[in-house]
J.: 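Before I ask anything, here is the structure I am working with.
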Amino acid sequence: MSKRAPYPWEAWETSETAAAEFPKGHVTTPPSDETLQLSRRGLLGAMAATMALAGAEGCRRPLERVVPYTKMPEDVVPGVPSHYASVFQRRGDALGILVESHEGRPTKIEGNDMHPSSIGGADLIAQAMVLDLYDPERSTTPRKAAAPASWGDFENELSAKLSAYDKDQSQGSRLRVLMQPTLSPTALRMRAALAQRFPKARVHTWSAVSDSNVREGARLAFGQPVNTLYGYERARVILSLDSDFLQTESGNVRANKTFAAGRRLRSPRDPMSRLYVVEPARTTTGNSADHRLRLPASQVERYACALALELAKKGIGLGDLQAPVAKQASAEGIPGKWLTAVASDLVANRGRALIVVGSRQPPTLHALAHLLNDKLGAVGTAMAYTPVADGDELEAASDLKALTDAIAANMVDALVILGGNPAYDAPADLAFADHLAKVPLSVHASLHVDETSTRCTWHVPRAHELEAWGDARSIDGTVSIQQPLIAPLYGGRSDIELFALMAGAPDKSGHDAVKNTAQTMLLEARGWTACGAFDQTGKAECRDSAGNPVFAQFADVERQWNRALATGISQRPQGPMPGPTLRSSEISAAIDKRRAPAPVGPTSLEVTFAPCPKMVDGRHANNTWLQEMPDPITKLVWDNAAILSQATAKQLGVQNKDVVSIALGPRSIRAGVWVVPGQADHSIALTLGWGRTKAGRIGDRRGFDVYPLRTSDALGFAVGAQLTKTADSPYFFAQTQENDSTEGRPIAHEASLAVYRQKPNFAELDSPPPRALPLWNQQDYSKGHQWGMTVDLNSCTGCSACVIACMAENNVPVVGKLEVWRGREMHWLRVDRYYVDRPEAGATADEPVTIHEPLMCVHCEEAPCENVCPVNATTHGPEGLNEMAYNRCIGTRYCANNCPYKVRRFNYLNWHNDSVWKETGGLPETLSMQQNPNVTVRFRGVMEKCTYCVQRIQSAKIRAKREQRDVRDGEIRTACQQTCPADAIVFGDINDPSSTVTRLTRGDRRFALLGEVGTRPRTTHLAKVRNLNPEMA
Amino acid sequence: MAYWEPIRELDEGYLVQPGSTMRDITDEISRVSENRAPLGWWACFLVAVTFAGIFCLSVGYLFYRGVGVWGNTSPVYWAWDITNFVWWVGIGHAGTLISAILFIFRQRWRTAINRFAEAMTLFAVICALIFPGIHVGRVWVIYWMFPLPNQMTIWPNFKSPLIWDLFAVGTYFTVSLLFWYTGLIPDLATLRDRSLTKWRQRVYGFLALGWRGSNRHWQNYERAYLILAAISTPLVLSVHSVVSMDFATSVIPGWHTTIFPPYFVAGAIFSGFAMVETVLLIARSVFKLHRVVLMRHLELMNKFLLFTSMLVGYAYAMEFFIAWYSGNEYEMAHFLKNRPTGPFWWAWAWMVGCNVVVPQLYWFKRLRTSIPVMFVVSILINIGMWFERFVIIVSSLNRDFLPSSWGYYRPTIVDVGTFTGTLGIFFTLFLLFMRWLPMVAIAEVKGTMPQADPHRHVEGERERAPVAAKVGLAAESGLVPEGAE
């Protein structure tokens, strides 16, 4: 720097004199203490934080130490969310998750990239679980005969009872526990501890939606229950026999991930698997099928047998099954190509062909599938067997029947029900609710004071999965720790803690119990057993496999525990089981004993029971997000329906919205009818989990309760139902999409694999070119980041996890059934579902093919919304985002009118307060705890829409800037993209030539939806491809 | 031949009942505000005020809860609100047309109805402006539409047709108000001069702006009136053209149409004339204005309605033709399928029936000179024109590009309350106008009388004696031959 005299107008500080007055180092001394670095603003921030911490006793942070995932700050930094790994127990599989926590409030759930059941994806239930946590109508206190009581009272009464058992030498024979099937090693350990204290006490399991038939099938085939792990990514041909493995079956997230991987098309040369689906009712799996056969559920087994015979003709020897299978087989009414062509396709792809059976199909069919999969060489290549978490679990219905029988025989003195809601969902013939009333001491631990709780002598609040310690073993054997993100909001306790209370186990807290299990398992993995406690030097004596003493180091074990908490994985899978041997003679005998299904017809209809993709068995009934989520098939919200095929509805003289009575033997229900093309004729599809009466303000009296038709011998489906139209006025249904057809418009492109290989850019060729020239000067999009997105219709299954993810991330309000009926739903992201009559794909008017098309704001470069806004509230950002300034919006709604995609949503009312929670005087405080602090909560009168999760873009840019680097490709994931279990959504910088999104937008299947309007959308879609079998034509 | 004399060859008649004196005219018009209001006026006023009250309740509720109390939905984000706006703006067209354009073209028959029409314009534009004001989501920041300097340096978006709209309708209102008021000044002075009470003198005196009727006053007045007429004339074309741009510049099939500006102007004139006729017929019978509002005026208006009806019908047909001719899939689906057969086919049927079919009755002289027929037809045209805007707005929005987003629209009771409420406001203002202001332009009507011709005496004709008593008020005097007295 040259030394010169300062000009008079220059600030004196820059002059030499100033430098002398403040010698170097005086101000800029390298700080020895961090506080010296603080600016005034930062100092105030720190003071505020200190003050906040001073009052931190009020914070609901868990008392035990939890370790956040990877990017753990030293302490909680206000405004910076932490992520914790945890796990959700789902039926049959455990889903590894990451929970985003803002200052101690869990707000958002994502899949855990490291967890093999999630691989970073999640489904709509997992996304919605966070709202269940904050449900304002959860039970807040223990209740004795409906009157509030304390935990102390409860503990006293229970332990008095239990110690009486200790004294009377009955060994607890009159104590029963009813729990849901569990995957938790700690819960199983506690169950064992209970059995130790009361050897004659019995633990029953019941869940209305379970894999019981799958287990029994495996037990029949192998003599032991095993888990089946399907490798959809390695299969070339998949035949699903009534299995909705992409949505409602166990392990659906993993199935989605792997299935999508096996069909991902980056170029016309890529291989793609082919999916055949045989099912009675439309499911997302059936919609994703290349070929779909609609067949009543009761006839799937005879189809499978006929197919097995066809396979036998092609060299797949059935051995001693040949005769019984031939006895059951019947090809009547089944198109011949569904036997010959499917069989040849399976045989031609030996080793890479897979048969998957749905959990409501009988065990014999599962066993037959195990045998066929084995003969087709799938085991070891496209599928593997793993040990089950709980080998002692019994067949669900008979286990529950054993309990009701015991109650009827007056053999039950105390019944503890952990979770579940058997008074609502138990088989109708068991009359569980009536039996329950006879038990002198009945306890129900549940989130809500529900149908079962009100019939028990005691109700105690159960902790939510995000509030309690636990663990779970996923289908492949991975064990994960469930970390609480928040201290129990209402003082609930987990199953583990209640078990420990009953068993009198030393680990009173869930944390200790889970940690103990994890450490034992850790040491057992090394072959060490019989460990004692750690002494003062941090050592514990164990025995190794040879029985020699070895010493476990405290620090070592702690490190492993911390790592398990941080990664969400406490034990990696041990690998597939050494192939269990097939017992073909037992299978043969069982199949031989099967009776031929009763024929279905207009007077003897079939009813099928399926778990609701949203409510499952009814447990999520009080969740507003799920209530308002459009059903992936019918697009109905806030209701279920009795689904009929077009032909059957015509035959029975009913139509949409008619209220009908469905009678099955002595039992009957009423339900509203909805006609779905592609439903099997003479089969009524009913979904479980609706018509609750004690779910809460949100869940009560929504839809139709179908449990009264479901009996213990027919949990999956039953034949012989009659349907009669009642005189009731039409039922009031609300749908988010009222038009099912594309009207022949080029808006959802699809082609067969053969056409795609011939004409890779078929979608572009079928799209009309832009007809309108830009109105205004073009912006320069060549500089800086330019965000863009692709949505691959080929991967999308329509599962709608993205819809809930978007609601959770962006504080999207719920408007209620009436407002949805008006058309005012607020979902920023919707999944359009079109029925397309595509004859080349074998589609007819009765069975059109389905295409799902997720649609959110496409961020047009020539956005029609922008130039009509009178106040400049929606404008174009320099990075290509179509931005909405809520503060500036006055709500003329002109932008939404002019949006050709109709993706803008308007706050007609103050939805958060003036819709479903109106009666409570506005959004309950707990629900506002869920809201994402980084996203504005919109007031009434304001337009809103997809922002490409701009808050995520900004935080990634800030992070990149702080680390002095560019934003990496894949670093920013929008909420929908992150949760998508099929990886159908890709977001990134289209100015970066190496980014995935750039490659995809330049790819061959790309098309710009409504490009002919001249909007130049930034979100483009990739056309769907169906891998049609030419022989099926 | 004097200008006031009808040209027989053209089948013209007198513009004022022959034999009337200037005093007759002054008396007849001024006495409305001087005498007690007739019972008919009170009856009408009570009904109108009731509906104005309903309007206040509806809008109060709307402000309290939000736009959701209306039936607007997705995809029909605009419905009755903007339908009403366009309808009212359209009605507001006849005033300027009758006053300004017909004035410039020296169509002297306008004098009987121009004050009415101008007042109607003002009140209709007031009703129209209510809707864009209250239909926004956040009414409390509606002023952001105006280019007000602010520290954020955010201006309105001048690309937005809504801003064009604001200026177009605002200008129209201002000019119409000035035009109306300028025309009122000599008549207000007449009322002032006839006033018997202090308050009337003060109020009318204030409003008359010191008019003394001097030659210089008249000279300035005529000049100003002519200039304002010249300013207003292009506005007749511009206002509704700009309103139509709200739709024409969008991308929605059914809106994105180049025919809209002339089509909207024709429709506006059509509906404006119909509304003038409705109101005029009521006023004529309630206040007995048969001396100045002759059957001849009404028949001329009906001929004009027939003409504009055919213009509108042509526009309807042309929309269909162009949709088919364009070959555009979405246009064809909209015009050829959705409009006549879609969920709002009935609105389309009302529109075509009332606007195109019904006015064809006016080919028959008997029908176009029958008061009951023209009263019913004028109301039907008003209904039809409301449905035209409803069809354009709602049936275009309810089914646009993506069938997945299609949805039906259902109005709520608040929609009905708001709309009928503005009718109440309109008629309340109108009835007050009729009661307190000269509802026919006294000075101008006098100008069309033989007595106003300075050369009349030179031609040697004797001043006719007042003949009103002989002829009788009920005679439809346009048909009375000249020598009848």
Side-chain angles (χ1 to χ4, degrees), chain A residues 737-747 768 771-772 775-776 819 822-825 830 832-834 853 855 864 866-873 875 888-894 896-898 900-911 914 939-943 1009-1010 1013-1015, chain B residues 65-78 82 132 135-145 152 154-166 246-247 249-252 255-256 328-330 333 337 393 396-397 399-410 412:
Chain A
Q737 181 185 345
E738 291 165 5
N739 200 294
D740 298 331
S741 156
T742 57
E743 304 281 316
R745 297 176 178 185
I747 49 180
R771 279 194 271 253
L775 268 177
W776 315 104
E819 297 294 340
R822 285 198 174 281
R824 292 169 176 174
E825 65 273 10
R830 64 174 199 255
D832 291 346
R833 184 267 295 116
Y834 295 113
E853 188 173 41
L855 193 61
E866 285 170 10
N867 56 38
V868 298
C869 175
V871 293
N872 272 322
T875 53
R888 178 71 180 167
C889 177
I890 64 172
T892 66
R893 310 186 292 287
Y894 197 176
N897 281 335
N898 208 23
Y901 307 90
K902 290 288 175 283
V903 288
R904 287 179 160 262
R905 302 296 188 194
F906 186 64
N907 288 278
Y908 277 103
L909 298 174
N910 185 5
W911 292 130
D914 196 0
F939 189 50
R940 78 163 155 105
V942 171
M943 191 61 73
L1009 184 62
L1010 295 180
V1013 182
T1015 50
Chain B
R65 278 194 72 194
V67 190
V69 301
W70 285 343
N72 298 40
T73 173
S74 167
V76 186
Y77 289 94
W78 287 349
I82 302 299
H135 95 121
V136 299
R138 302 201 296 162
V139 277
W140 52 96
V141 288
I142 184 78
Y143 65 92
W144 288 349
M145 295 272 285
M152 308 293 283
I154 305 177
W155 290 94
N157 179 8
F158 292 105
K159 289 175 186 171
S160 169
L162 281 190
I163 293 292
W164 311 344
D165 221 21
L166 181 76
D246 283 349
F247 309 105
T249 59
S250 80
V251 301
I252 301 299
W255 284 14
H256 184 69
N328 183 312
E329 188 171 356
Y330 302 110
K337 206 169 150 200
I393 291 166
S396 302
L397 287 174
R399 294 191 161 184
D400 66 341
F401 293 96
L402 297 179
S404 63
S405 58
W406 292 1
Y408 197 66
Y409 163 77
R410 299 169 186 85
T412 64

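Residue numbering restarts at 1 for every chain, and letters A, B, ... go by the order of the sequence lines. Please read these numbers as outputs of a predicted model, since none were measured by experiment.
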J.: Is there a side-chain contact between V871(A) and V141(B) (heavy atoms, below 4.5 Å)?
T.: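 Side-chain contact under 4.5 Å: no.
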
J.: Tell me which of these, I252(B), V251(B), I163(B), has more heavy-atom pairs under 4.5 Å with chain A than the rest.
T.: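 Looking at each option in turn, the highest pair count goes to V251(B).
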
J.: Between atom CG of N897(A) and atom CG of L397(B), what is the distance when rounded to the nearest 0.5 Å?
T.: 4.5 Å

J.: Heavy-atom pairs under 4.5 Å with chain B are the metric here; pick the option from N867(A), N910(A), N907(A) that has the most.
T.: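 Between N867(A), N910(A), N907(A), the count favours N867(A).
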
J.: Chain B: which of Q737(A), M943(A), K902(A) shares the most heavy-atom pairs with it under 4.5 Å?
T.: K902(A)

J.: State, with a plain yes or no, whether a side-chain heavy atom of R399(B) is found less than 4.5 Å away from one of E743(A).
T.: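 No; the side chains remain at least 4.5 Å from each other.
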
J.: Given that the side chain runs from C-beta out, which part of F247(B) has a heavy atom under 4.5 Å from chain A: side chain, backbone, both or neither?
T.: backbone

J.: Can you see which heavy atom on R888(A) is nearest to which on P156(B), and at what distance?
T.: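 Where R888(A) meets P156(B) most closely, the heavy atoms are NH2-N, 4.4 Å.
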
J.: With rounding to the nearest 0.5 Å, note down the distance linking CG in L855(A) to OG in S405(B).
T.: 8.5 Å

J.: Heavy-atom cut-off 4.5 Å, strictly under: side chain, backbone, both or neither for W255(B) against chain A?
T.: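 Only the side chain of W255(B) comes within 4.5 Å of chain A.
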
J.: Please identify each residue that fulfils side-chain hydrogen bond (donor to acceptor under 3.5 Å, both in side chains) with E866(A), with sequence neighbours left out.
T.: H876(A), N882(A)

J.: Within a strict 4.5 Å, meaning less than it, do heavy atoms of the P403(B) and Y834(A) side chains meet?
T.: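 P403(B) reaches Y834(A) side chain to side chain.
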
J.: Heavy-atom pairs under 4.5 Å with chain B are the metric here; pick the option from S741(A), A873(A), G823(A) that has the most.
T.: G823(A)

J.: Do you know which of W164(B), Y409(B), W70(B), W140(B) has the most heavy-atom pairs under 4.5 Å to chain A?
T.: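 Of W164(B), Y409(B), W70(B), W140(B), W140(B) has the most heavy-atom pairs under 4.5 Å with chain A.
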
J.: Heavy-atom distance under 4.5 Å to chain A: side chain of V76(B), backbone, both or neither?
T.: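 Only the backbone of V76(B) comes within 4.5 Å of chain A.
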
J.: How many angstroms lie between CZ in F401(B) and OG1 in T1015(A), if you round to the nearest 0.5 Å?
T.: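 With rounding to 0.5 Å, CZ (F401(B)) is 9.0 Å from OG1 (T1015(A)).
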
J.: Name the orientation class of the two ring planes belonging to Y908(A) and Y77(B) (parallel below 30°, tilted from 30 to 60°, perpendicular beyond 60°).
T.: parallel

J.: Could you work out, with side chain to side chain contact (heavy atoms under 4.5 Å, CB included) as the rule, every residue matching D165(B), not counting sequence neighbours?
T.: F85(B), L162(B), V169(B), V242(B), V243(B), D246(B)

J.: Quick one: which of E738(A), R822(A), E825(A) has the most heavy-atom pairs under 4.5 Å with chain B, could you say?
T.: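 Among the listed options, the one with the most contacts to chain B is R822(A).
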
J.: Sort out for me which of P870(A), P768(A), G1014(A), G941(A) touches chain B most, counting heavy-atom pairs under 4.5 Å.
T.: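 It is P870(A).
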
J.: Shorter than 4.5 Å, heavy atoms on both sides: which option in N872(A), N739(A), I890(A) has the most such pairs with chain B?
T.: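 Of the candidates given, the most pairs with chain B belong to I890(A).
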
